[in-house]
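Convention: sequence-line order gives letters A, B, ...; per-chain numbering from 1.
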2 protein chains.
Amino acid sequence: MATIRDVAKLAGVSVATISRYLNKSGYVNVETEQKIKKAIEALNYEPNTVARGLAGKKTNTIALILPDISNPFFPELARAVEDVASMYGYTVILCNSDDEGVKEKSYIEVLKKKYIDGIIFASNTLDSADVEQMAKKGIPVVCLDRVPPKQSCSVVRSKNREGAKLAVEHLLGMGCRKIAHIYGPQEFITAKERLVGYEEAVKHLDWYSPTFMIQGDFRIEGGIRATELLMERHPDVDAIFAGNDLMAVGALKALHRMGVQVPGQVAVCGFDGIGMTEITQPELTTVAQPIYEMGALVSRILIKKIEGTLEADQTYELDVALVPRESTLRRNGHESS
Amino acid sequence: MATIRDVAKLAGVSVATISRYLNKSGYVNVETEQKIKKAIEALNYEPNTVARGLAGKKTNTIALILPDISNPFFPELARAVEDVASMYGYTVILCNSDDEGVKEKSYIEVLKKKYIDGIIFASNTLDSADVEQMAKKGIPVVCLDRVPPKQSCSVVRSKNREGAKLAVEHLLGMGCRKIAHIYGPQEFITAKERLVGYEEAVKHLDWYSPTFMIQGDFRIEGGIRATELLMERHPDVDAIFAGNDLMAVGALKALHRMGVQVPGQVAVCGFDGIGMTEITQPELTTVAQPIYEMGALVSRILIKKIEGTLEADQTYELDVALVPRESTLRRNGHESS
DNA sequence: ATTTTATGTGTAACCGGTACCACATACTTA
DNA sequence: TAAGTATGTGGTACCGGTTACACATAAAAT
């Protein structure tokens, strides 16, 4: 591998000039430029990223910290992040935090020492204080799905409350009368907001009772258990709105095992819009988040922040969309468009 | 951030001694050691990874190049890779190649300039010549699912041919008489081997005809189309063995649309063992690859290779296991254990 | 005619580590 | 007793870039 000094020697100029040429900083004569171009060509020279990183404290690398890439929500997000990162010449480091603060912190330490340019948090553990600290140390951070931590970083999220209402309205529109909700762990903002949205949408209805809300764990297994409990408690429910798609899948499984017809007896609606919803039987109605767009946006924001072209930190709330499918299709249903 | 020189000054020794202490290379007096420890503590010193990378050409970073992280096969693999990497103090860079040679090559260029320590290829585009070249340039490479490229790198794969036979035998054991196969793109070794396995297992049977083999694209859509074609061509098939789970899911969907009972009229078996197979209705029988283990192994091998503790390049063929589920359950079936 | 300003280039310090080599002691060993 | 070896430490050149600063010249402004 040729170095900048080799190029300088061959081109008959100093390394400073080469550097100036490479970074288009400062003046370089057109003729000199030609000589340099030729030398670079001849030596097949490629600037060394690590040396650049050391000298400039910029590595063109960002980190994506998420709970678990094998959770079906994240691959698409990661793909989006990587797509726009690579488009802008950045490389992505993948970190699985399992939502454990310790792991998250240890990753952050490692990443700082690597002169990472910025971090995307799609993990729920980090508290505002941590984010604050990062911000203070000059590491650009962008978060996904969390309340703005005192506006020290940008946040991308989607309209969970509205989404939950959309779901309930859709179910009502399809003729459902008693709609239960399986909510996710309340330490997750998303779960909380969806629960609030559900409550707001149903609390004024005559059948409403808090017993229609039941806790899940955002996973299939939790959806199954919650559904079993729910059906025992309220054999009369005719719709289940799950706080995420995995739990909705669980509901589907549980209902199937119980011999309950979906959507005939009970309609099921999920939230997230992961690919799985298209392969269940029946296909799952869901409130889809624009997952890819969220990833792309969060990545773009981070890069802007890194490159100093971001005006101000902001919270972006993306629209969700109800995707009606078989699991909520009721023969007597009339979609209220 | 304190530097090694700050520590040296505070401890009253030279940077060389600090470096020796940090890397446990060369002698350091016990008392000196204590002084250094104290100084490091006091300054909260952490060696800078980038500087180390530049000086030592070792960055403790590996790259994982795969076709697409949003393809459900890869998240679990990526998780495994990252798990063992982080266990050994390595960081993982994620690259989506879309199986396009150009992208792959461009990633490799970027990665080389970053002094990446090694690469895991789970992508199918790279030819032996490329791998050879990498090997020559001293970049450790380990591949997934490909024929050993002239043994210039280690390869981890699973027993595709055996797996296909397992599938066919299982289907026969369940009483199926006419088993079709939807095979994947033949540029993928895995697809080819599974096809061969299928052929070997059925060619001696009286009903056998090449028309029972039909091409898919390793995706759901292709599975659907292939199944439609197949059922038109052979309305008498009673089992479909798909070259991967996604196509099996497609088959399930297509059959469901046609009103064909699964497993009643047609049994369906997939290959891979991705999570999706557990949420279809009926749940999908599949030949499961040990995906996590493959990722963990490939990662461990790469790290060994990087650290020079790998004796020799080798091909590891992992066992696959038939996971019988509803989609192949036939009332008159008698599992041949 | 003189001062600015724009253009063009080189020297060398610096980023923060690693590691080779020299040098100094204190023990062994021949 | 001289040579050899294990222990301990420091100086400093490197890794391969960036960039502040000094300096030179030509064109423009006063």
Side-chain angles (χ1 to χ4, degrees), chain A residues 1-37 39-40 43-61 89 109-117 138 307, chain B residues 1-37 39-40 43-61 89 109-117 138 307:
Chain A
M1 274 284 89
T3 76
I4 198 171
R5 289 172 226 267
D6 299 331
V7 178
K9 195 168 292 171
L10 185 60
V13 296
S14 75
V15 294
T17 305
I18 308 289
S19 180
R20 256 179 259 123
Y21 165 80
L22 290 171
N23 303 300
K24 307 196 184 318
S25 60
Y27 301 106
V28 177
N29 186 291
V30 265
E31 289 165 32
T32 314
E33 209 163 78
Q34 292 312 313
K35 285 193 288 180
I36 296 177
K37 229 176 235 168
I40 288 178
L43 294 171
N44 210 315
Y45 169 75
E46 300 258 19
N48 179 312
T49 328
V50 180
R52 271 191 166 162
L54 179 58
K57 302 195 184 320
K58 174 114 188 344
T59 53
N60 275 47
T61 307
E109 283 313 304
V110 173
L111 296 171
K112 275 200 311 203
K113 286 191 268 178
K114 284 199 181 234
Y115 283 161
I116 216 89
D117 295 332
E307 305 190 338
Chain B
M1 276 284 90
T3 76
I4 199 172
R5 291 172 225 267
D6 298 330
V7 178
K9 195 168 293 172
L10 185 60
V13 297
S14 75
V15 294
T17 305
I18 309 290
S19 179
R20 254 178 263 123
Y21 166 79
L22 291 171
N23 302 300
K24 305 194 185 322
S25 59
Y27 301 106
V28 177
N29 186 290
V30 265
E31 289 164 31
T32 314
E33 210 163 79
Q34 292 312 311
K35 285 192 289 181
I36 295 177
K37 228 176 236 169
I40 288 178
L43 293 171
N44 211 314
Y45 169 76
E46 300 259 20
N48 179 312
T49 329
V50 180
R52 272 192 165 160
L54 179 58
K57 302 196 183 318
K58 173 115 188 346
T59 53
N60 274 47
T61 308
E109 283 314 304
V110 172
L111 297 170
K112 275 200 312 203
K113 286 191 268 179
K114 284 199 182 235
Y115 282 161
I116 215 88
D117 295 332
E307 304 190 337

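In this structure, Y21(A) places its OH atom 18 Å from C1' of dT7(C), rounding to the nearest Å. Nucleotide dC14(D) holds its P atom 25 Å from the NZ atom of K58(B), rounded to whole Å. A straight line from CZ of R5(B) to C1' of dC14(C) spans 9 Å, rounded to a whole angstrom. Between the OH atom of Y115(A) and the P atom of dG17(D) there is a distance of 17 Å, given to the nearest Å. Put simply, CD1 on I4(B) is 6 Å from P on dG17(C), counting in whole angstrom units. Residue Y27(A) contributes atom OH, which lies 13 Å from atom P of dT5(C) at whole-angstrom precision. The separation between R20(A) atom CZ and dA12(C) atom P is 15 Å, rounded to whole Å. Spacing between atom CG of L54(A) and atom C1' of dC14(D) amounts to 12 Å, rounded to whole angstrom units.
At the heavy-atom level, T32(A) lies under 4.0 Å from the strands shown only through sugar-phosphate atoms. Within the 4.0 angstrom heavy-atom criterion, only backbone atoms of the sugar-phosphate kind lie near E46(B); the bases stay farther away. Among the atoms of the strands shown, base atoms are found under 4.0 Å from some heavy atom of S19(A). As judged by a 4.0 angstrom heavy-atom cut-off over every strand, V50(A) is placed among residues making no nucleic acid contact.
Not a single donor-acceptor contact under 3.5 angstrom links the side-chain atoms of R52(A) to the base of dG16(D).
When the nucleotides dG17(D), dG11(D), dT18(C) are ranked by their closest atom to the side chain of A16(B), dG11(D) comes out on top. With distances taken from any side-chain atom of T17(A) to the nucleotides dT18(D), dT9(C), dG8(D), the minimum falls on dT9(C).
The residue among V28(A) and V15(A) whose nearest nucleotide of DNA chain C is located toward the 5' end is V28(A). Between N29(B) and A51(B), the residue anchored closer to the 5' end of DNA chain D is N29(B), taking for each the nucleotide with the nearest heavy atom.
Between S25(A) and dT19(D), a side-chain N or O to OP1/OP2 separation shorter than 4.0 Å is absent. At dG10(C), one or more side-chain N or O atoms of S14(A) fall inside 4.0 Å of OP1 or OP2 (strictly under the cut-off). Close to dG16(C), at under 4.0 Å from its OP1 or OP2, lies a side-chain N or O of K57(A). Close to dG17(C), at under 4.0 Å from its OP1 or OP2, lies a side-chain N or O of Y45(B). Residue N48(A) places no side-chain N or O under 4.0 Å from the OP1 or OP2 atom of dC15(D).
Within a 6.0 Å sphere centred on NZ of K35(B), other residues, nucleotides and ligands contribute more than 12 heavy atoms.
E46(A) contributes atom CD, which lies 13.5 Å from atom OG1 of T3(A) (distance to the nearest 0.5 angstrom). Here the straight-line distance linking atom CG of L22(A) with atom CZ of R52(A) works out to 6.0 Å at 0.5 Å rounding.
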**Message:** Could you go through K114(A) and T59(B), starting from their C-alpha distance and side-chain angles, then the distance that decides it, and tell me whether this counts as side-chain hydrogen bond (donor to acceptor under 3.5 Å, both in side chains)?
**Reply:** CA-CA 9 Å; K114(A) 284 199 181 234; T59(B) 53; 5.6 Å; no
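A cation-pi contact, defined as under 6.0 Å to the ring centre and within 45° of the axis, is absent between K112(A) and Y115(A).
Between V15(A) and S19(A) the shortest side-chain heavy-atom distance does not fall below 4.5 Å.
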